[in-house]
Peer 1: 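Structure provided below as structure tokens; questions to follow.
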Amino acid sequence: MSPLPPSPGAVAIFGGTFNPIHFGHLRSALELLESLSLAQLRFMPAGEPPHRDAPQVSAQHRAAMVELAIAGEPRFVCDTRELHRQGPSYTVDSLLELRAELGEQQGLCLVMGCDALLGLPGWHRWDELLDFAHLVIMARPGWNLPSEGALAGLLRDHAGSIEDLSQQAAGRVITQTLRPQDISATNIRGLLQLGLSARYLLPESVLAYIAERGLYAKQE
Ligand code: ATP
């Protein structure tokens with residue numbers, strides 16, 4: 001794992017299936033890096049996602065595509081810890097490990113889109129996540145923040161500021177409105193399965209990787 005750059009900023013973890021990674025992920029991550037003055041942003045591909053059907057493309061391929069996509073941006077790192085863990089990959093376990101590695105003082109943020117936030121109450125030990133990290137919620141086209149229920153309460157009770165992310169280790173929630181990128185991996189897989197081009201929705205290097213291996217192609 002790349003060492004942390006000598007920056008007082010927080011470290012952010014951007015989890016997902018990245019099946020495949022696309023410009024919606026990448027542009028959002030870059031904007032967060034800059035608007036939150038992060039020291040580092042780590043893409044953390046899920047090994048065996050507990051909340052959805054297993055992706056038809058292996059975790060190794062998904063991580064390799066993340067590596068290709070982030071090449072050349074030293075503040076981006078691919079954290080493959082969930083690929084090496086047996087059984088379902090629970091975010092809380094990864095945050096526990098990261099907290100042990102980074103120390104008790106380091107600001108640590110878990111980044112998620114609004115869509116992922118809505119599923120949070122189904123996550124393993126979800127009510128403990130804020131013990132280990134802050135939550136950074138990205139607005140996403142077509143998705144609204146919850147206005148009532150447990151999640152709305154969480155957003156309200158833990159609301160923090162950008163400064164909190166580096167001054168405190170964990171426990172705050174902030175929402176960020178980024179440049180909307182109406183791109184999804186589902187949409188990209190759909191195009192490729194129809195034999196259509198997904199160009200300009202994701203990096204050329206990732207597209208070339210997909211084409212060379214015939215990933216997402218329609219199965220005969
Ligand atoms: P799928 O279509 O397969 O569900 P996805 O494009 O939503 O995939 P994921 O890997 O599931 O990508 O998403 C990882 C994280 O990235 C989630 O928190 C999700 O909200 C966020 N995300 C995905 N696409 C975008 C986008 N276009 N803009 C901002 N955030 C995004």
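Ligands are counted one by one from 1 in listed order, and the atoms in each one are counted from 1 as well. Worth saying up front: this structure is predicted, and the values here are computed from it rather than measured. These values consider heavy atoms only, across backbone and side chains, with no hydrogens, waters or symmetry-generated copies.
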Peer 1: Do His25 and ligand 1 have an N or O pair less than 3.5 Å apart?
Peer 2: yes
Peer 1: Which of the numbered atoms in ligand 1 are below 4.0 angstrom from a heavy atom of Arg189?
Peer 2: 3 (O)
Peer 1: Rounded to the nearest 0.5 Å, what separates atom CG in Leu135 from atom CG in Leu155?
Peer 2: 8.0 Å
Peer 1: Please verify whether a non-hydrogen atom of Gly15 lies at under 4.0 Å from ligand 1.
Peer 2: yes
Peer 1: If you measure every N/O of Ile183 against every N/O of ligand 1, is any gap under 3.5 Å?
Peer 2: yes
Peer 1: So, Arg99 side chain and Ala169 main chain: donor-acceptor pair closer than 3.5 Å or not?
Peer 2: yes
Peer 1: Is Phe14 close enough to touch ligand 1? Criterion: a residue heavy atom under 4.0 Å from a ligand atom.
Peer 2: yes
Peer 1: Could you grab the distance from atom OG1 of Thr80 to atom CZ of Arg42, nearest 0.5 Å is fine?
Peer 2: 10.5 Å
Peer 1: With rounding to the nearest 0.5 angstrom, report the OG to CG distance, Ser37 to Leu32.
Peer 2: 11.5 Å
Peer 1: Please state whether Asn19 comes within less than 4.0 angstrom of ligand 1, counting heavy atoms only.
Peer 2: no
Peer 1: What part of Asp115 sits under 4.0 Å from ligand 1 if we count only heavy atoms: the side chain, the backbone, both or neither?
Peer 2: side chain
Peer 1: Does at least one non-hydrogen atom of His22 fall below 4.0 angstrom from an atom of ligand 1?
Peer 2: yes
Peer 1: Nearest non-hydrogen contact with atom 28 (N) of ligand 1 belongs to which option: Ala139, Ser28, Ser184?
Peer 2: Ser28
Peer 1: Check whether any N or O atom of Phe18, backbone or side chain, sits under 3.5 Å from an N or O atom of ligand 1, and answer yes or no.
Peer 2: yes
Peer 1: What I want to know is whether Val111 and ligand 1 share at least one N or O pair that is separated by under 3.5 angstrom.
Peer 2: no
Peer 1: Under a 4.0 Å threshold between the charged nitrogen and the carboxylate oxygen, would Glu34 count as salt-bridged to Arg75?
Peer 2: yes
Peer 1: Below 4.5 Å, heavy atoms only, C-beta onward: do Tyr216 and Ile210 meet side chain to side chain?
Peer 2: yes
Peer 1: Just checking Phe43 against His25, ring centres under 6.0 Å apart?
Peer 2: no
Peer 1: Considering only distance and modelled atom types, tabulate donor-acceptor pairs under 3.5 Å from the side chains of residues 173-185, sequence neighbours left out.
Peer 2:
from   : atom 1 : to     : atom 2 : distance (Å)
Gln176 : OE1    : Ser35  : OG     : 3.3
Arg179 : NE     : Glu31  : OE2    : 3.2
Ser184 : OG     : Asn187 : N      : 3.1

Peer 1: Relative to the heavy atoms of Thr17, which atoms of ligand 1 are at a distance of less than 4.0 Å?
Peer 2: 9 (P), 10 (O), 11 (O)
Peer 1: Does Ala185 reach ligand 1 with a nitrogen or oxygen that is under 3.5 Å from one of the ligand's nitrogen or oxygen atoms?
Peer 2: yes
Peer 1: Could you tell me the separation between the SG atom of Cys78 and the CG atom of Leu83, rounded to the nearest 0.5 Å?
Peer 2: 7.5 Å
